[in-house]
*Asks:* 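Would you mind keeping the following structure in view while I ask a few things?
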Amino acid sequence: MLIQNTYNYLVDTLRQRRQKLASLIDFPAILWSGNTNPRNFPANVFPFRASSHFLYFAGLPLPNAAIRLEAGKLELFMDDPKPSSALWHGEMPRSEEIAHKIGADAVKPMVELSVEGAATIAVQDAATWTQQSQLLDRLVLPQIQPTGIDLELAKAIVTVRLTHDEAALTELRKAAVVTVEAHKAGMAATTSAKIEAEVRSLMEAVIIAHNMTTSYNSIVTVHGEVLHSDRYHHSLQPGDLLLADVGAETEMGWAADVTRTWAVSGKFSSTQRDIYDVVLAAHDACIAKIRPGVEYEDIHLLACSVIASGLVDLGILKGNPEDLVEMDAHALFFPHGIGHLLGLDVHDMEDLGDLAGYEEKRERSDRFGLGYLRLNRPLRPGMLVTIEPGFYQVPAILNDANLRSKYHHVVNWERLSQFADVRGIRIEDDVLVTTEGSEVLTAALPNQASAVEDLVVC
Ligand code: GLY
Ligand code: MN
């Protein structure tokens, strides 16, 4: 009975998604899932990840398949596995079974894919975008902004995927629950770990044990100032902070994205605690402001001003916080945006450049304090966003001669030197915009400094 319900749920969800798309475009769309990528020789491949646009409308991560969507109908194109593949990969469901499971209106072999008049979106792997370009007889490249009907399709898909339906939210909540457990495991493991990799392995073990994967390369580092650090060999010293930005991705591809920062010893030093509380104040203030209609850029600017104000109180910055934000002085320590869309991709739909993140006719600012803002739209119910303020001492910023001279009069460098044990702190949660305000999907993971300390020394 349960299987029957689940099955209908998937079919119904996918039907509703393609009907929404059909109400926005009057031409066919073909979405390819993409292929596995070999690592050095063909029989050894990286884990397969279907294109998110395909996954959204097809529901299942099928390699080397395509769907044709037209007027609310779905045709599935895929080849049945060769008999020899059962030897290496086991028996796989046949295409008819898969078509039935996802409620396809027809299923055909790949050679019958007819592309005439169809729009598409470039898939990341070269073998597939080459195939897309050849079949469609136009250049379809992930690095270039789509044009013509491809652009119209991209905009329509953004409209549909920008807010999440119930089926998506069920998956996103699952990813959030497992991510919370992974962070708790990381905190509990730290005092007995010797290097970053040990903590990373125990966090990812929780994710893998739930038959999930990570939704991006985990960041688990004592060098929190390296925003996307991908090294795990550093030793853990008692005075260090450990920053862990780790998120799970469900089997169906839905992501979580969470960051916590804790003290390796379990107890923050007084300087670490001071900065931690500034970052947390920005985090809390931003989440309190989230509701439909609010501009995400204003949430970002709110974080900037809470951070600037906190740094003034600590004697690190000098001046009026609003003036400091206007002159981008906060970006010396908080150089990135307050967050991004979250869904099937950790930066949802970022394969489309800023088409999803930025409201039509808006462009990225070239301001030092705004240029890395990935989302600039009014919030709507059903959007899932991250809120991730931070404080970092990035040598490339703080030692930059131009920046030092521009901001010399607003930074108390001597006072800053007393905070040398704070290389990087970020606190990140996943926040759903609701009709009333917001719901933090990752709220089960404590973020108050003392509660984090308790989890580390438990
Ligand atoms: N979790 C990494 C990022 O948001 O960029
Ligand atoms: Mn993030």
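Order of listing sets the numbers, starting from 1, for every ligand and every atom in it. Residues: numbered from 1 along the sequence shown.
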*Asks:* Find, among atoms of E388 that are N, O or S, the one nearest to the Mn ion (ligand 2), and state its name.
*Replies:*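 The closest N, O or S atom of E388 to the Mn ion (ligand 2) is OE2.
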
*Asks:* With distance as the sole test, does T442 use its side chain to make a donor-acceptor pair with the main-chain N or O of D430 at under 3.5 Å?
*Replies:*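 Pair found, side chain donor or acceptor close to backbone of D430.
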
*Asks:* Any chance the side chains of D257 and Y216 put a donor and an acceptor closer than 3.5 Å?
*Replies:*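 Indeed, the side chains of D257 and Y216 share at least one donor-acceptor pair under 3.5 Å.
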
*Asks:* List the closest protein heavy-atom neighbour of atom 1 (N) of ligand 1: residue, atom name, distance to the nearest 0.1 Å.
*Replies:* D257 OD1, 2.9 Å

*Asks:* Using a strict cut-off of 4.0 Å, indicate which atoms of ligand 1 neighbour a heavy atom of D245.
*Replies:*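 Going through ligand 1 atom by atom, the ones under 4.0 Å from D245 are 1 (N), 2 (C).
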
*Asks:* Quick check on contacts: which atoms of ligand 1 are under 4.0 angstrom from a heavy atom of H347?
*Replies:*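 Here the atoms of ligand 1 in question are 3 (C), 4 (O), 5 (O).
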
*Asks:* Tell me if the aromatic rings of H164 and Y56 count as close, with their centers under 6.0 Å from one another.
*Replies:* no

*Asks:* Show which atoms of ligand 1 fall inside a sub-4.0 Å distance from at least one heavy-atom site of H340.
*Replies:*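 Those of ligand 1 that fall under 4.0 Å from H340 are 4 (O).
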
*Asks:* Do R377's NZ or CZ and the ring of Y296 fall within the cation-pi criteria of under 6.0 Å and 45°?
*Replies:*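 Ring-cation test returns no.
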
*Asks:* Can you tell me which residue among I425, T271, V422 is in a side chain to side chain contact (heavy atoms under 4.5 Å, CB included) with Y276?
*Replies:*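 The option that passes is I425.
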
*Asks:* Sort out for me which residue in V431, V433, L342 forms a side chain to side chain contact (heavy atoms under 4.5 Å, CB included) with L384.
*Replies:*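 When V431, V433, L342 are each tested with L384, the side chain to side chain contact (heavy atoms under 4.5 Å, CB included) holds only for L342.
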
*Asks:* Indicate yes or no: does an N/O atom of R374 lie under 3.5 Å from an N/O atom of ligand 1?
*Replies:* no

*Asks:* Taking the six-membered ring for Trp, are the ring centroids of Y392 and H336 within less than 6.0 Å of each other?
*Replies:*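 Yes - the distance between ring centres of Y392 and H336 falls below the 6.0 Å cut-off.
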
*Asks:* Does H228 have a heavy atom less than 4.0 Å from any atom of ligand 1?
*Replies:* yes

*Asks:* Please identify which atoms of ligand 1 are closer than 4.0 Å to at least one heavy atom of E388.
*Replies:*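 So the atoms of ligand 1 that pass are 4 (O).
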
*Asks:* At the Mn ion (ligand 2), what angle lies between atom OD2 of D257 and atom NE2 of H340, rounded to 10 degrees?
*Replies:*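 The angle at the Mn ion (ligand 2) comes to 90°, rounded to the nearest 10°.
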
*Asks:* Could you pull out the atom name of the N/O/S atom in E428 that is nearest the Mn ion (ligand 2)?
*Replies:*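 Going by distance to the Mn ion (ligand 2), the closest N, O or S atom in E428 is OE2.
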
